[in-house]
There are 2 protein chains.
Amino acid sequence: MPIRPSDLDRVKALPLFAQASDELFRDMLGGGFLQKFPAGTTLLTEGDPVDFLYILLEGAVELEGTWNDKATTLAVLKPVSAFILAAVVLDSNGLMSAHTLESSQILMVSGEALRRAMMRDARFCFTVAQELAGCYRGVVRALKNQKLRGGMERLANYLISQQARCGGGETFALPHEKRVLASLLGMTPENLSRAFASLGDYGVSVSGPNVTIHRPVVLQRLAKPDALIDQAGPTGDTPASAAELERWTPEPARAVS
Amino acid sequence: MPIRPSDLDRVKALPLFAQASDELFRDMLGGGFLQKFPAGTTLLTEGDPVDFLYILLEGAVELEGTWNDKATTLAVLKPVSAFILAAVVLDSNGLMSAHTLESSQILMVSGEALRRAMMRDARFCFTVAQELAGCYRGVVRALKNQKLRGGMERLANYLISQQARCGGGETFALPHEKRVLASLLGMTPENLSRAFASLGDYGVSVSGPNVTIHRPVVLQRLAKPDALIDQAGPTGDTPASAAELERWTPEPARAVS
DNA sequence: CGCGTCATTGAAGCATCTCAAATGCGGTGG
DNA sequence: CCACCGCATTTGAGATGCTTCAATGACGCG
């Protein structure tokens with residue numbers, strides 16, 4: 001499984017690696033694998049030791065946590081994203097399971113090599129710290145989202161974010177199964193259905209995976225999007241969702257309040 | 001406001017600074033203040049730029065997030081803890097407000113100086129990355145706690161953690177006002193009261209701030225503590241709570257599953 | 001002593017979950 | 001091409017948990 005140059009370029013385009021020297025970059029990827037996994041493959045199990053940093057190049061990966069036979073989705077990743085960086089930096093075990101939602105191509109980078117590179121190059125180490133800080137802030141947003149908002153409000157804000165991420169047109173597609181979306185938003189599939197139905201009163205119509213927001217202003221009055229919870233503020237510019245953790249890159253210094 | 005040597009020692013004992021050279025340490029604290037604040041002082045407001053790393057030496061600080069006129073407590077810090085490290089590393093604005101719960105003594109370290117030190121010393125930078133990774137994992141635990149457990153389960157697990165933190169005796173004291181605890185656990189004060197009352201059936205009695213766990217086994221069967229959510233596993237050894245974010249130091253490699 | 005805050009208790013309303021059944025859709029095999 | 005199957009989604013009804021509003025009791029401080 002040789003790594004294609006075009007894949008290498010995509011990895012190097014990640015903020016995490018963009019500033020690393022070619023030498024450092026080559027060293028790190030020395031002990032790496034590029035692998036394809038079918039949909040539904042479990043990549044990591046909660047509680048197991050983590051030996052590799054995973055980088056998703058194609059497909060989609062779900063991160064989930066479980067307790068007492070219940071499961072909840074903590075994030076859904078799309079390319080290009082690195083995940084479980086925190087466990088790798090601490091050489092610890094994962095707090096969440098990871099499995100593919102679609103057939104996925106994944107680059108696995110040796111955790112050992114990554115930590116060595118960090119110790120060797122302060123600049124790269126700083127970039128990792130920035131990435132981790134960004135991840136941290138992503139989960140803080142998710143926690144605020146969960147504790148401060150109700151189900152319909154979470155859904156409304158998700159739709160507004162997703163719309164921005166899809167280019168801003170009044171109709172766009174949901175990127176995952178509704179069942180996954182429900183778990184991500186912290187509700188049951190039944191409840192998500194009902195929440196979608198209720199949003200009809202706010203000018204939202206749903207047809208399969210396609211959503212149309214007919215009256216954005218009305219929906220926003222319900223959603224009250226917030227720059228400190230949803231990554232894209234009320235004016236909706238920046239992509240990425242509050243819930244899609246880890247995938248977010250260091251924020252611009254002084255983001256809009 | 002000169003910094004007393006004894007305070008310096010306490011700061012240097014933080015995992016974050018323990019490995020830094022004396023020179024680096026002195027450089028960083030050059031642009032720092034040591035200040036006392038009365039109870040109820042707002043140190044930081046959500047959304048404002050963050051110019052300093054805060055280190056709590058005495059007292060207690062609450063971190064909270066707000067949305068739509070509702071507020072929720074994200075963490076309660078006790079000495080010695082550094083906070084808002086993530087915002088400092090990204091030179092960004094805070095996602096949460098901070099205010100003192102008691103009269104507190106706080107060391108403020110220049111964010112500029114901290115970032116410079118990181119770029120200069122890969123070893124220190126690595127430690128910061130480890131700290132951030134630990135913080136990240138703390139919030140992930142909190143998010144799982146919030147999404148997967150109900151109110152009584154969260155309280156039961158909190159009590160078990162708190163008991164361990166207080167030395168393991170069957171009677172111990174709650175460290176904060178119940179109103180704050182309720183917000184930390186993601187419920188209303190009324191509901192916390194009822195939850196405490198319900199725990200009577202599980203051998204828990206409450207008298208003011210004092211809690212007694214008469215039948216630990218019964219409570220544990222309800223709580224089902226989990227090493228991947230609560231920092232202390234079922235056997236209860238390590239201190240610190242799932243909800244008290246940021247204050248947690250890098251975990252030992254390979255914590256008990 | 002009186003005031004204000006915190007904690008507790010009760011009752012009503014709302015949101016969410018669970019269980020159950022019906023609907024709709026895509027894909028397989030005949 | 002069509003019938004059938006499996007799965008995701010939807011819908012309904014009842015139970016549960018949580019919130020809100022309101023009132024009372026307990027405590028500490030001026």
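Just so we're on the same page: letters track the sequence lines, and every chain starts at 1.
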Mind calculating the distance between [atom1] ([X]) and [atom2] ([N]) to the nearest angstrom?
X        : N      : atom1 : atom2 : value
B:Asn68  : D:dT19 : CG    : P     : 16 Å
B:Arg154 : D:dC18 : CZ    : P     : 7 Å
A:Met152 : C:dT16 : CE    : P     : 9 Å
A:Lys147 : C:dA15 : NZ    : P     : 21 Å
B:Leu155 : D:dG17 : CG    : P     : 15 Å
B:Gln146 : D:dC18 : CD    : C1'   : 12 Å
B:Arg149 : D:dG17 : CZ    : P     : 17 Å
A:Leu185 : C:dA15 : CG    : P     : 17 Å

Residues two or more places apart in sequence or in another chain: which of them pass salt bridge (Lys or Arg N to Asp or Glu O under 4.0 Å) with [X]?
X        : value
A:Lys144 : B:Glu46
A:Glu170 : none
A:Arg10  : A:Asp7

Could you tell me whether the side chain of [Y] reaches within less than 4.5 Å of the side chain of [X], counting heavy atoms only?
X        : Y        : value
B:Tyr54  : B:Leu85  : no
A:Asn145 : A:Arg141 : no
A:Pro175 : A:Gln162 : yes

Discussion item. Taking the axis from the first five pairs and the axis from the last five, what angle separates them in the helix from C:dC1-D:dG30 to C:dG30-D:dC1, rounded to 10 degrees?
Written reply: 30°
Discussion item. So, using side-chain contact (heavy atoms from CB on, under 4.5 Å) as the criterion, who are the partners of A:Ala87 when residues are at least two apart?
Written reply: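 A:Ala87 satisfies side-chain contact (heavy atoms from CB on, under 4.5 Å) with A:Val50, B:Arg137 once adjacent residues are dropped.
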Worksheet entry | Listed partners of B:Glu62 passing side chain to side chain donor-acceptor pair (under 3.5 Å), at least two apart |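 Residues passing side chain to side chain donor-acceptor pair (under 3.5 Å) with B:Glu62: B:Thr73, B:His99.
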Practice prompt. With sequence neighbours excluded, tell me which residues meet side chain to side chain donor-acceptor pair (under 3.5 Å) with B:Ser104.
Written response: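 Here no residue qualifies.
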Worksheet item: How does each nucleotide of nucleotides 18-27 of chain C score, in 5' to 3' order, for protein heavy atoms under 4.0 Å: base (B), sugar-phosphate only (S), or none (-)?
Response: BB--------
Discussion item. Does anything in residues 202-214 of chain B come within less than 4.0 Å of DNA chain C? Heavy atoms only, and list the residues if so.
Written reply: none
Worksheet entry | ring pair (Phe, Tyr, Trp, His ring centres under 6.0 Å) against B:Phe52, all qualifying residues, sequence neighbours excluded |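 B:Phe33.
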Response to the item:
Tested for salt bridge (Lys or Arg N to Asp or Glu O under 4.0 Å) against A:Asp230, the lone hit among A:Arg149, A:Arg165, A:Arg154 is A:Arg149
Practice prompt. Might you work through the side-chain contact (heavy atoms from CB on, under 4.5 Å) test for B:Leu63 and B:Leu77, ending with a clear yes or no?
Written response: CA-CA 8 Å; B:Leu63 302 181; B:Leu77 309 176; 4.1 Å; yes
Sub-3.5 Å pairs of nitrogen or oxygen atoms, protein against nucleotides 5-9 of chain D:
{"from": "D:dT9", "atom 1": "OP1", "to": "A:Lys178", "atom 2": "N", "distance (Å)": "2.6"}
{"from": "D:dT9", "atom 1": "OP2", "to": "A:Arg179", "atom 2": "N", "distance (Å)": "3.1"}

Return all side-chain donor-acceptor pairs below 3.5 angstrom for residues 203-219 of chain B, not counting sequence neighbours, or 'none' if the list is empty.
{"from": "B:Thr212", "atom 1": "OG1", "to": "B:Thr171", "atom 2": "OG1", "distance (Å)": "2.8"}
{"from": "B:His214", "atom 1": "ND1", "to": "B:Gly203", "atom 2": "O", "distance (Å)": "3.2"}

